[in-house]
Student: 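The structure is given below, and queries will be raised subsequently.
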2 protein chains.
Amino acid sequence: MASPTAAPRAFIQQQNLVEQVADYLTQAIIQQHFLPGERLSEVQLSRDLGVSRAPVREAARLLESRGLLISKPRRGFFVRALNAVELEDVFDLRLCLERHAIERLAERYTADAQRALKQQVEVLCEAAAGNDGTRRIEEDLQFHRLMLHYAGNERLLRAFDDLSHELRLCITLITKTHEAPDTIATSHFKLLDALDSGSPDACREAIDYHIGVARDFVVKGVGETGDSSDEDSADEDVLPR
Amino acid sequence: MASPTAAPRAFIQQQNLVEQVADYLTQAIIQQHFLPGERLSEVQLSRDLGVSRAPVREAARLLESRGLLISKPRRGFFVRALNAVELEDVFDLRLCLERHAIERLAERYTADAQRALKQQVEVLCEAAAGNDGTRRIEEDLQFHRLMLHYAGNERLLRAFDDLSHELRLCITLITKTHEAPDTIATSHFKLLDALDSGSPDACREAIDYHIGVARDFVVKGVGETGDSSDEDSADEDVLPR
DNA sequence: CTTGGTAAAACTGTCGACAGTCGGCAATCG
DNA sequence: CGATTGCCGACTGTCGACAGTTTTACCAAG
């Protein structure tokens, strides 16, 4: 519990309770105020947040669709716990999406896209030099989000956004130390160079390398992370048809 | 408005009201008993189905996450209307996922996988020979789902499942005529052959061809399908950050 | 000390109700 | 006659409550 990260905007207080609750839960999960596998009680949360159960329920459903929570019928919601295999899967899917995106992007690499990406890398480098780990991650994700955006497939972008929540979870949950600012900078500049070259092969190589580094960086920290596999028969829940 | 399809009552009283409502809505949308862009009233639906608004709301949120509905704050839920661009995007993402899947599958093509896929192709051929268009589509999707499954990445499979709902929408919404049984059969056998050969290039070529055919088959029927773009500023909703 | 069963407590799924808000319509004004 | 403004109805967002089920606590027997 404890206080939710940043206080909600001074904007308008009473609008979109669901989204406010969702943000609160997201932050609480990522900052590990809720432990992986922990059960969340609807009534407890609604009491703590001072709202009724309805918005809490909807927010929980939202987080479930984003892969941060898991619901078991009649049991409630549990914080998603990722094991090593699931972690690999997440990064493999990321690779899948970004490979496709950079390929599409290379085909239609406009000056606008180039400018936006370059600028975002600068922002990222600036963030990497600072101490705010969260901001560094966000700016990094934003760079990749821009790549997906300029690739020109909105559905692809949505798939990435869906995945990005789990990605955030993986990264913040496991990463203890941070990449060196230099590494981050050069790693992203390589992507820009590959795009400038216009060569699909170079792009693919660059993105493979880039994501490989990120994956290794996260995976190496997975000793005993959290185990979500207990009672399931390991096959049936995968193919319920 | 207009009353929904079949008489509402007669099928409730089991558990999982939410899922039942979701299934009902899904079928109604796919079978075009609700027209694209049409607004769905929560109270209307809850009256028709004989349940309260809570499960209707949750089901609608579920369908929203699956891309079948769109919610506008304070306005309610609307049936998703796909324009030509969104249609292209869906098939492009499908290509992205299946390319990756078949690549992974080729690396670990077990006898089990081979057997299961062959069997499913047979089931599909059988279905293609019949008259049930829905079953043909389902068996086709199931074949591809099996491919994704045996590729060994559950997260990838989930991404495909998410997409498959929209895929179903695209296919059933637009396709007037059906592919010839022969075409379906040979098209899938080519995939099996490519997998048997173990060549990544052959696999990629096969899946590109396969999905290209399916896409062309659907896209060619898109004259005036449904236009979802009206009041949005076309840029802001894509990059809200 | 362990084990098995029963009862209480807590929780989820579902329901009906209320208030604020949005869109449409009509009356009014220029 | 057209545009503007105020009103009305409908609907969503949110709330508190109830019933059935699951979990936990407790007690007794081995």
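Chain letters run A, B, ... following the sequence lines, proteins first and then strands; every chain starts at 1. Hydrogens, waters and symmetry mates are skipped; everything else that's a heavy atom, side chains included, is used.
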Student: Under a 3.5 Å distance rule, please check whether B:N83 uses its side chain to pair with a backbone N or O of B:E86 as donor and acceptor.
Tutor: yes

Student: Applying side-chain hydrogen bond (donor to acceptor under 3.5 Å, both in side chains), can you list everything that pairs with B:Q27, at least two apart in sequence or on another chain?
Tutor: B:Q31

Student: For each nucleotide in nucleotides 7-13 of chain D, reading 5' to 3', give B when a protein heavy atom comes within less than 4.0 Å of its base, S when such contact involves only the sugar-phosphate, and - otherwise.
Tutor: ----SBB

Student: To the nearest Å, how far apart are A:Q20 CD and D:dT14 C1'?
Tutor: 13 Å

Student: Under a 4.0 Å threshold between the charged nitrogen and the carboxylate oxygen, would A:R61 count as salt-bridged to A:E64?
Tutor: yes

Student: Start with the C-alpha distance between B:R155 and A:E166, add both sets of side-chain angles, then the distance that settles salt bridge (Lys or Arg N to Asp or Glu O under 4.0 Å), and finish with yes or no.
Tutor: CA-CA 10 Å; B:R155 189 57 183 79; A:E166 280 162 272; 2.8 Å; yes

Student: For the backbone of A:D89 and the side chain of B:E154, can you confirm whether one donor and one acceptor N or O come within less than 3.5 Å of each other?
Tutor: no

